[in-house]
Amino acid sequence: MAEVHVIGQILGATGFSESSLFCKWGIHTGAAWKLLSGVREGQTQVDTPQVGDMAYWSHPIDLHFATKGLQGWPRLHLQVWSQDSFGRCQLAGYGFCHVPSSPGTHQLDCPTWRPLGSWREQLARAFVGGGPQLLHGDAIYSGADRYRLHTAAGGTVHLELGLLLRHFDRYGVEC
Amino acid sequence: MVSEKSHLGDQQEPGHEDPNADARPLSMPTRRGPRSLPPIPSASRTGFAEFSMRERMREKLQAARSKAESALLQEIPTPRPRRLRSPSEKELETEFGTEPGGKIQTTQQEDDSQSYSRVKFRDSVRKIKSKTPDEEELLDDKDAVDFLLGLDRGAEDIVAVRPADYESVHIRLQKEKELLFIPSRRTVPTYKKLPENVQPRFLEDEGLYIGARLEVPRTNQNIMENRLLMQEPGRRWFGDDGRILALPNPIKPFPSRPLVLSQEQDIKAELETLYKKAVKYVHRSQHMIGSGDPPGNFQLDIDISGLIFTHHPCFSREHVLAAKLAQLYDQYLARRQRNKAKFLTDKLQALRNAVQMSLNPAKTPKSLDTTRRAINEYKSEIRQTRKLRDIEQEKDRTLLKTIIKVWKEMKSLREFQRFTNTPLKLVLRKEKVDQKADEEAYEAEVQAEISELLEEHREEYEQRMDEYRSAHQQWKAWKKAQRTKKKKKKQGVEEHPDDEMEEPYPGEDPVKPVPPEPTNQAVIEQEVRERAAQSRRRPGEPMLVPELSLAGSVTPNDQCPRVEVLRREDVKRRSVYLKVLFNDKEVSRTNSRPLGADFRVHFGQIFNLQIVNWPESLTLQVYETVGHSGTTLLAEVFLPIPETTVVTGRAPLEEVEFSSNQHVTLDHEGVGSGVPFSFEADGSNQLTLMTSGKVSNSVSWAIGENGIPLIPPLSQQNIGFRSALKRADAISSIGTSGLTDMKKLAKWAAESKLDPNDPNNAPLMQLILVATSGESYVPDFFRLEQLQQEFNFVSDEELNRSKRFRLLRLRSQEVPEFRNYKQIPVYDREIMEKVFQDYEKRLRDRNVIETKDHIDTHRAIVAKYLQQVRESVINRFLIAKHHFLLADLIVEEEVPNISILGLRLFKLAEQKRPLRPRRKGRKKVTAQNLSDGDIKLLVNIIRAYDIPVRKPITSKFQQPPRSSRTFSEKQAASPTTHSPTHSADYPLSQVLVRPFVEVSFQRTICHTTTADGPNPSWNEELELPFRAPNGNYSTTSLQSVKDDVFINIFDEVLYDVLEDDRERASGIHTRIERHWLGCVKIPFSTIYFQAKIDGTFKIDTPPVLLGYSKEQSVVAERGFDPVRSLSEGSYITLFITMEPQLVPGESVREKFDSQEDEKLLQATEKFQAECALKFPNRQCLTTVIDISGKTVFITRYLKPLNPPQELLNAYPNNPQATAELVARYVSLIPFLPDTVSFAGICDLWSTSDQFLDLLAGDEEEHAVLLCNYFLSLGKKAWLMMGNAIPEGPTAYVLTREQSHYLIWNPCSGHFYGQFDTFCPLKSVGCLIGPDNIWFNIQRHDSPLRINFDITKPKLWKSFFSRSLPYPGLSSVQPEELIYQRTDKAAAAELQDRIEKILKEKIMDWRPRHLTRWNRYCTSTLRHFLPLLERSQGEDVEDDHRAELLKQLGDYRFSGFPLHMPYSELKPLIEAVYSTGVHNIDVPNVEFALAVYIHPYPKNVLSVWIYVASLIRNR
């Protein structure tokens, strides 16, 4: 019966070597969670920074959840993509972070990574674009054994999330 | 020596220091070093030169400092203290800066300098005393500079050359020995490491878990131990085992980030990465926001290799046996491969050995207790294993026996029937065995068993004996007690007679225990031997190995009896094929293959299924064809959907069994299926077999060109709940099918030698323990989220019960009832239960047809159907709404180019107030930040023409009483009372009419002032507020506003009600009555889409208006307007608009799929683009969307269709009248605008039969039907697309009569000549015929000014031309329309019901007054209505009035008939309400209401309602 509002925005990203970035995002929750309103996933526009190296998206996130338990607290998974001058899109990084569990506004920095691939793939990526991607996107937030992956660090995605919690105290959860 | 000196100085220091310390000024900031710094050991070997130099420096420094200090002491009042102090500060800073030698040195120096300063202190004080401060200052500065520059005036006296210091190795070693401790490398004896008299204790041996220690070389350990022993005599570094305490080895045996090799095979599927090329996204027509996975084509390969029947109706008896034999043989082979008996025997042997070993106490150092326990365990295991082995052996033996038995049966059958059908042949191979060894082994085995059994029995016996003994003791005791009691009783019977009743142990008389039988060895031996003989091969008996081969020969046909030949023939005629069903849809089928004599079918076909979604089911259907007759479905085989790791090439062939329950009896040798048959001659021992078989197949995911498996991602969106499950399913992601198999897991655990004591493995061990112990409870479910339930705050039901959540969810799902719900209360208790009522009712009633609102069932069904169509279209629309173009998101102002700039420049020179002002477009408002009251509807009523005028009551024979004459009449009459004869004929003196207009919209009513005469001019602006439903001003919401603007025209009549003539002089007492004359109804949606409505409209007047006529106007204006006389009626000029102007919603640009030819579609697009380029405002229609959402070429809708025969028979000789009747028929079908029902989505065109079935439609459906009727009547008719008022873009029908063209309004049934100024059609866009489309390319588009000759290509651009000839498109219309005669009785019943309901309603509307019904009048009216229907409301007025007058002479009567097509009840009620008849509140008023329904074919009903009010004249 407890409710959680997640209101905020994906501010932007820094530290990516590519310009012209956009971000696909989604929220994953456990089975105890019900989405009352809002959209679970989305995609930002492509931002090409003119000044500085931060790509600003200011993409709104507005979700309202009801939950009957704490398990499966909402988690955000992000995919940053870059678009090159031919309009082709390639992966720049996967990121993941939990939605904060205390009420208030939170500034989150979500570091990202991307699979490195073999040297051939790296070479291909450097010259003709493209690159290895995860076959199954859910490994971003639930990969139990990701240790086999070789990854390279991407940039950081900055988020600003406001949390409103309701009725958690009724069930003995202090926040 | 130098150092010693300094040392000395240090030692002397305290003596000097103490007396001075107090005298020192407190404000000395330079004294930084701590005073109690210990002396620095003299080990530092500072060079003499260095030292002396430093000394000098110090001296100087000291001097300066002391001077400064003294100066300070003396000159505190002087105004420049800072200058004096500054040099010393500087010195110190330099000292730190220039000497990076380290802190120790610095402190030392400082210390030295302190000591020196103290030594010199007195001197300097003395000195200072003798000098003036000014001199001091100068000197001081100089010294400081010298020091800073490092200059030394006397360098040579501090430099001395000395040899390098050297200390020999020996000395050094000697010294080091004193200082250093080198631990020895020898092993430390254990006793040293442990407390005294304590034995080392090895925890591991005691069974406690100790992790593996880190590998450290022995010597290192020794060194450490020695050191620890030396350093800390307490032994707290050592554990109980005498070793250094250590944590388990934290280093993992393998690196956690192994080198990933691309060839590595064991990368888990879900972690595989995939090299993807950079792709350019093609914008899809579906959601823009949404799944990140690009939709791919995925492929599933289904390899169907063959089919084997294990039973088939055509099996002969031999086949049945053969199948059985084959099955048994398979079983045998499988068993032999496993060879469980051997395995168990070995195990038994091993266990026995183990027992032997443990019984031998010499070898085991362990305690007796554990040994015994182990032995006991072993023994129980031996017992179990033996049991198992016996069972297995017996099974083996019986299997072999059965095989042999079946084979024998088969042989006898073959002999009996004298032919063979199957090539099966069983050979039993004997394997010789060494008899002696065998016997020995056998005997040994038996002996071992006997001894074990004996032992067991002995144990058991002992146990029993123990039990017996104790029981016996007890019994004895009891007996004794009993005896004593009895004695007692005998003594005390007299005293306690009641005691006799009591029993010491009621009901528990212990039986004397029987001692157990001792074990009889002979009996046991007997048992064992019997069992062995039964289940085991006898010693020396050769081992039998059956071998099944297909080497036998089948008897050829000519040697077989007839029945068998028949059977074989039948088999030959049969063939089998398989259908592959994917998600219950047939996707492919195999070739039909004949059934072989061995009932095996080989297909060997691979089907590649290109799929988009995750498959839900895969089914194979086995079909059998017999000869040329039909096929029968034998069975369905469900194939499992392969796991994502199963890809083509790796998938093994699997056999899936199937069976069917069909019953087949055959008239030949075949045994049939599902019918009992027997092998015996007497028919006993019956057997019933069902058709069954196996399909060998493999299903796998295909691999794409570049080695990517074509598997749809699990996260694919559109498979709903299943996908969600799948995504959350941990198992599918881990891929641990092994986890569920406990045996596998246990085996793995045993192989990997897991340490059972390791706490890390505890859960696993427990699991295995539970799983392998056998009796444990293994749940048949797997819980995904463990402990979820336990930690839940609330249960699911409670969560679902929450009204708030439900409301929120429904709102976000855009369920119609809640779509625009604004605020949802925070607490559940604030939400009314009734909020959901409508919604729940709708859900409940989805399939229930409600007949309450709809009086006849057909319409109820239609309404339901329409509702469903509407819902589906709206759902589509909601999806399509998310499809944006760039232009929808971004408003980009055009960059001004030179021409615009030029125009702007011209504008500068423009007049500020031009003489002919041009209308400026109003600014449009996007409907998002609007609220109630922001939008107003402006209705400008300008003027009206030809309003019916009152007819004076001129009947000579009946002078109305004065009191009831109209007021104005009286006024008008009063000056001419002297000439009453003139009043009837003289037009000027006539009472005309005092009309006013009332506009009602959304329950707001406004009216104009009253004007005079039949052609009044009001020129008034009425302002009506507009409220959107639910306060939602979004485009979709506004589009679906269904409200109408009613413009009613009334005549205001004043009645003088003064009772007494004498009061006439002093007062006026009149009553105002208003009489309804007609109305204009304009839907709001029209205003919304048109933005403004400007024009002259025909007033919808009732066919009979009692007391009114239009003759006078004709008299007055005859010859004035010949055009108007063509189409009679009243007209009103209106201008309606909205303030502010709203942006109308755009229709959806959804591309619907089509079955049209691609070329044709391209041509239509081209045609439309060309037309739009030339005349963007003209409507050009080439394709439309049919009711199932497909694009259809428009001419397919036009085709001659027969009108109902009944209509044709009405006027057989008058084609014009027939046409009018047909048009009337069409207009009687209710009108239902698509734009309202499908909120701005699109126009759906239904075909004429659908239209007639639905009995509701838009203009275009009416037009299409009318056009089709006209075509069938042999007229030249076209569909005319254009703009009309008030409908906006609409469809009319154009017909060509002999010399002129007629324009038909299909919804009203009226027709207009081409040059009729009052024709509502204002512009013509295109004409559509059954075989072509013509676009109007003339300069004008008004029908008055254009030429309708479509043969002229300069005026009309045709779609099909010589370059693109008409391909002969087939029509979507039916061949013929079939009309059912409407049930007259039902119509009559409906009529009664409507009348009843309307009467009730009128009574409801008059809550404060009594409503009387005049039956006589009602029946009169009822008779009159059919006449009206027959004459279509024309030319009956006069007769009717006369008749009414005759019958109801003494009543003043006002009323009129209303005519409507029947759709449902609500519009009828609304129409009656809007006339306002019920508003009369004269006390003695009576009412009359009559309803007449005229049924037309196909349930089209024409409803007449005559409503009137009567006031009795006195």
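The chains referred to below are lettered A, B, ... by the order of the sequence lines, with proteins before strands, and numbering in each begins at 1. As the structure is a prediction and not an experimental result, all values here were calculated from the model.
- Counting heavy atoms from C-beta on, the side chains of B:V794 and A:H167 never come closer than 4.5 Å.
- Note: B:R809 CZ to A:S37 OG = 10.5 Å, rounded to the nearest 0.5 Å.
- Rounded to the nearest 0.5 Å, atoms OG (B:S802) and CG (A:L36) are 8.0 Å apart.
- No more than 12 heavy-atom neighbours from other residues, nucleotides or ligands sit within 6.0 angstrom of OH on A:Y56.
- Closest heavy-atom contact between B:F793 and A:G69: CD1-N, 3.9 Å.
- For the residue pair A:A124 and B:Y275, the shortest heavy atom distance occurs at CB-OH, 3.0 Å.
- When every heavy atom of A:A66 is checked against every heavy atom of B:F805, the shortest pair comes out as CB-CE1, 3.4 Å.
- Pairs engaging residues 2-19 of chain A under the salt bridge (charged side-chain N to carboxylate O under 4.0 Å, His left out) rule: A:E3-A:R166, A:E3-B:R804, A:E18-A:R125 [sequence neighbours left out].
- Contact annotation for A:L35: only backbone heavy atoms (N, CA, C, O) come within less than 4.5 Å of a heavy atom of chain B.
- A donor-acceptor contact closer than 3.5 angstrom is absent between the side chains of A:K68 and B:N800.
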